[in-house]
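Working notes, structure below.
Since this is a predicted model, take the numbers as computed values, not measurements.
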Amino acid sequence: MSTAPTYHRPAGRRAGVPLLTLGALVASSLALAAPPAQAAETLLSQGRPATASSQEGDGYAPSAAVDGNLTGTRWASQWSDPQWFQVDLGQRSDLSRVVLTWEGAYGKSYRIQASDNGTDWRTLETVSGGDGGTDEVTVSGSGRYVRMLGTERTGGYGYSLWEFQVYGTTDGTPPVGGAVEVTGSQGNWQLTVGGQPYTVKGLTWGPAIADAPKYMPDVKSMGVNTIRTWGTDGGTKPLLDSAAAHGIKVVNGFWLQPGGGPGSGGCVNYVTDTTYKNNMLTEFAKWVEAYKSHPATLMWNVGNESVLGLQNCYSGTELETQRNAYASFVNDVAKKIHSIDPDHPVTSTDAWTGAWPYYKRNAPDLDLYSMNSYGDICGAQEDWEEGGYTKPYIITEGGPAGEWEVPDDANGVPDEPTDVQKAEGYTKAWDCVTGHRGVALGATLFHYGIEHDFGGVWFNLVPDGLKRLSYYSVKRAYTGTAGGDNTPPVITNMTVSPASSAPAGGEFTVRADVRDPDGDPITYKVFLSGNYASGDKRLVEAEWRSTGNGTFAVTAPEKLGVWKVYIQAEDGRGNAGIETKSVEVVAPPVTGTNVALNKPTTASSFQQSYGDCPCEPAKATDGRADTRWASDWSDPQWIQVDLGAATPIRKLQLVWDPAYAKSYDVQVSDDGTTWRTVHTTAAGNGDIDTIDVTATARHVRLHLTARGTGWGYSLHEFGIYS
């Protein structure tokens with residue numbers, strides 16, 4: 001009897017991310033070519049969606065150069081080379097001329113280019129020696145998208161256009177928004193949109209749908225033509241509308257239990273639960289019907305890492321049965337979608353290539369496969385070839401190595417790649433995708449997200465809206481250049497000292513080499529994350545001070561455990577370098593002898609079976625930070641230590657579990673019966689309490705009167721120092 005294999009995200013190969021006004025518009029103009037005489041010539045660009053490589057400020061948006069206002073509004077770029085401005089004509093057109101009305105900051109050298117898909121460009125005319133004013137450029141060719149690629153400015157400013165006008169005639173071809181197909185044959189496939197070749201140059205989408213108009217122009221400026229979502233429902237339309245307005249397609253996702261990611265939930269039985277499967281078929285069909293004709297729809301993606309996630313629900317032969325049944329249901333969904341929408345392909349995503357054998361056996365109606373892969377993305381080609389697969393694929397998540405596939409550092413937590421390594425990870429990912437010609441049809445790399453937390457700093461290209469080195473790496477992959485962009489500060493050689501023994505509440509030292517490629521002044525922030533210490537993934541600004549030379553004194557949190565410390569270097573241009581290392585926070589050292597160590601310890605109660613319990617009183621005096629005493633969930637409680645003889649006491653150190661005491665007394669006794677109070681507090685906040693005491697006694701007791709949480713009282717260590 002065979003058993004189903006357990007697999008997970010691989011850690012390595014497996015066998016088998018105000019332009020100052022320069023003056024009035026120059027009156028003279030350079031006539032680069034006489035405008036052609038064409039009776040049917042039409043102005044095609046006015047009011048159409050326009051994007052650009054950059055803009056100088058909120059008042060200089062690309063849309064200002066296609067609004068018909070020749071002297072009142074303008075687009076202006078950042079002050080660097082190269083830059084580009086492009087307009088989406090809405091459908092492929094025959095082009096006759098382009099008229100550029102320059103403000104004082106003009107292009108001395110530039111190219112006029114056209115594209116059918118907004119990604120692959122053809123140069124129609126090259127201009128050099130421009131002197132500003134109004135340029136009329138005769139062109140011959142066709143395309144839906146037309147752009148000016150500026151390669152040389154005049155003066156120290158950027159490029160600035162009062163108006164960018166494209167003239168020509170429509171050729172009757174429908175906009176690139178027609179049928180999407182997987183064409184070709186074994187090993188020589190291609191994705192086409194409206195009959196035109198289409199390579200997926202994408203990102204997974206993170207911001208709220210309501211913020212799509214805010215972020216979509218930036219996504220477009222990176223050369224992105226596709227975004228991926230994980231769920232599709234009644235709230236999806238505004239995202240599709242915003243994407244379409246910027247010439248971007250959407251991979252519309254459908255979520256299925258159990259999924260493989262956080263919060264996926266649910267353990268469906270795909271063999272017997274016909275109600276769940278019928279409900280999902282009905283739900284998916286509803287939204288396919290709603291969005292099948294939307295111009296932004298590229299394809300449908302059924303499920304996300306559910307073949308992986310099923311191992312959290314089943315094992316052995318039952319796991320194998322469930323995985324085959326899941327893949328068969330995916331095929332049922334594909335059939336249903338095809339019956340409603342024959343014009344868009346259907347795929348299904350899982351983690352790595354482990355799901356592909358199940359799809360090969362059970363889901364012949366999928367048009368292509370998809371997978372999420374990070375550090376080992378280059379192995380996909382080998383797995384595809386060895387598996388004898390007959391479908392192409394796209395990467396639906398990819399980028400640098402993830403938390404699950406990097407080695408642990410000296411503190412036993414995953415060693416997060418540096419900013420430089422992450423940027424290289426995106427470049428490598430795209431090179432591997434494009435290297436599998438005729439089979440890998442593109443990727444939606446992970447992740448255009450704005451969260452500024454533990455996961456956001458690991459993967460997001462724009463955490464808190466700040467552009468990372470990875471952002472420019474993706475832009476370079478998709479456009480062929482990021483030259484001329486103002487790029488983030490680069491942080492190297494970050495160290496933490498002491499890395500494995502930072503005293504709680506005390507200071508530790510962080511140092512790094514920081515340089516800005518553009519010479520911009522740098523401002524710093526230092527953050528801490530308790531993800532590994534408490535499960536809290538937020539980044540909280542630390543208490544810190546600069547001591548010069550890229551060195552910072554940082555106050556350690558009071559809670560023990562391994563924390564992440566982050567240096568964030570900002571350049572004032574919307575860019576940031578972020579580097580992180582771990583630091584282990586330990587109890588502050590106390591001089592002298594812990595006279596409570598392994599001495600007889602008793603308590604009013606203890607938990608016998610909850611979580612990591614039994615949690616006997618002796619575990620608070622065993623010298624170990626990973627054991628604890630825990631009381632019943634009621635007030636009052638007590639814990640006491642018999643030191644064996646009258647002993648001078650000068651200090652106590654209490655290392656609390658999250659279940660701490662808000663109010664308590666420290667009491668001593670000579671006989672264990674008559675007690676006297678030597679310390680009282682009603683302001684306990686947990687973590688670590690270090691208390692000065694002057695007393696001599698044989699017995700020491702904590703009389704605990706008010707809990708700080710809804711649980712009981714719990715101490716990792718009850719240290720008594722002589």
Side-chain angles (χ1 to χ4, degrees), residues 18-33 45 50-87 97-113 121 123-139 146-166 217-218 221 467 472 475-476 479-489 516-521 571-575:
L19 178 62
L20 299 177
T21 301
L22 298 177
L25 178 66
V26 178
S28 64
S29 65
L30 172 66
L32 299 175
S45 54
T51 53
S53 53
S54 67
Q55 66 185 62
E56 221 272 329
D58 291 340
Y60 305 101
S63 59
V66 289
D67 63 1
N69 189 336
L70 282 171
T71 57
T73 59
R74 61 188 174 93
W75 163 71
S77 78
Q78 292 181 358
W79 301 1
S80 60
D81 285 313
Q83 299 286 339
W84 54 261
F85 173 97
Q86 73 183 50
V87 61
R97 64 185 171 117
V98 178
V99 180
L100 302 90
T101 305
W102 295 103
E103 195 257 3
Y106 60 88
K108 183 177 180 181
S109 298
Y110 59 90
R111 301 171 197 157
I112 300 298
Q113 299 179 314
W121 295 92
T123 297
L124 305 181
E125 191 67 43
T126 298
V127 175
S128 59
D131 64 357
T134 300
D135 292 348
E136 294 195 50
V137 183
T138 300
V139 296
V146 180
R147 80 173 175 180
M148 181 282 299
L149 175 62
T151 56
E152 184 183 1
R153 296 164 293 141
T154 183
Y157 302 101
Y159 297 84
S160 184
L161 284 165
W162 292 107
E163 201 71 8
F164 184 77
Q165 297 168 304
V166 180
D218 183 51
S221 76
K467 297 174 181 176
Y472 294 98
K475 181 176 181 179
R476 187 177 297 107
T479 66
T481 179
D485 284 329
N486 185 289
T487 55
D516 187 86
D518 307 289
D520 297 320
D571 66 357
R573 299 285 196 127
N575 301 309

Query raised in the report: Under a 4.0 Å N-O cut-off, is there an ion pair linking Lys467 with Asp485?
Result: no
Query raised in the report: Rounded to the nearest 0.5 Å, how far does OG of Ser77 lie from CE of Met148?
Result: 7.5 Å
Query raised in the report: Taking all atoms of both residues into account, what is the closest heavy-atom pair of Ser109 and Gly129, and its distance?
Result: OG-N, 4.3 Å
Query raised in the report: What closest approach, in Å, do Glu125 and Thr138 show between heavy atoms, and which atom pair accounts for it?
Result: OE1-O, 3.6 Å
Requested in this report: Please answer whether the main-chain N or O of Pro521 pairs with a side-chain N or O of Asp516 as donor and acceptor at a distance below 3.5 Å.
Outcome: no
Report summary line: dist Lys108:NZ -> Asp81:CG (nearest 0.5 Å) comes out at 11.0 Å
**Report entry** side-chain contact (heavy atoms from CB on, under 4.5 Å) between Glu56 and Trp79, worked out
**Finding:** CA-CA 8 Å; Glu56 221 272 329; Trp79 301 1; 3.6 Å; yes
Query raised in the report: CZ of Arg476 to OG1 of Thr487: how many Å apart, nearest 0.5 Å?
Result: 8.0 Å
Query raised in the report: In a check of ring-ring contact (aromatic ring centres under 6.0 Å, His included) between Phe85 and each of Tyr159, Phe164, Trp162, Trp102, which one passes?
Result: Phe164
Query raised in the report: Any donor and acceptor pair, going by atom type alone, linking the side chain of Tyr472 with main-chain N or O of Asn486 inside 3.5 Å?
Result: yes
Report summary line: Separation between CG (Asn575) and CG (Asp518), nearest 0.5 Å, reads 8.0 Å
Query raised in the report: Quick one: do the Tyr106 and Asp131 side chains pair a donor with an acceptor below 3.5 Å?
Result: no
Report task. Report the C-alpha distance between Glu163 and Thr101 in whole Å, list the side-chain angles of each, state the deciding distance to 0.1 Å, and finish with yes or no for side-chain hydrogen bond (donor to acceptor under 3.5 Å, both in side chains). Result -> CA-CA 5 Å; Glu163 201 71 8; Thr101 305; over 6 Å; no
Report summary line: d(Glu103 CD, Tyr157 OH) to nearest 0.5 Å is 10.0 Å
Query raised in the report: Is a side-chain donor or acceptor of Asp67 paired with a backbone partner of Asn69 at a separation under 3.5 angstrom?
Result: yes
Query raised in the report: Hey, is the main chain of Trp75 close enough, under 3.5 Å, to the side chain of Ser160 for a donor-acceptor pair?
Result: yes
Query - Minimal non-hydrogen separation, Arg97 against Val139, with atom names - result: N-CG2, 3.7 Å
Query - Leu149 CG to Gln113 CD distance, which is reported to the nearest 0.5 Å - result: 5.0 Å
Report summary line: What one should report as the nearest heavy-atom pair of Pro62 and Ala50 is CB-O, 3.6 Å
Report task. Would you check, one step at a time, whether the test side-chain contact (heavy atoms from CB on, under 4.5 Å) holds for Ser221 with Thr51? Result -> CA-CA 7 Å; Ser221 76; Thr51 53; 5.8 Å; no
Query raised in the report: Got Asp571 and Pro489 here, is their nearest side-chain heavy-atom distance under 4.5 Å?
Result: yes
**Report entry** Donor-acceptor contact present, side-chain Ser53 to main-chain Trp84, <3.5 Å
**Finding:** yes
Report task. Can you see which heavy atom on Gly158 is nearest to which on Arg153, and at what distance? Result -> CA-CD, 3.7 Å
**Report entry** Over all atoms of both residues, closest heavy-atom pair of Ala76 and Arg74
**Finding:** CB-NH1, 3.7 Å
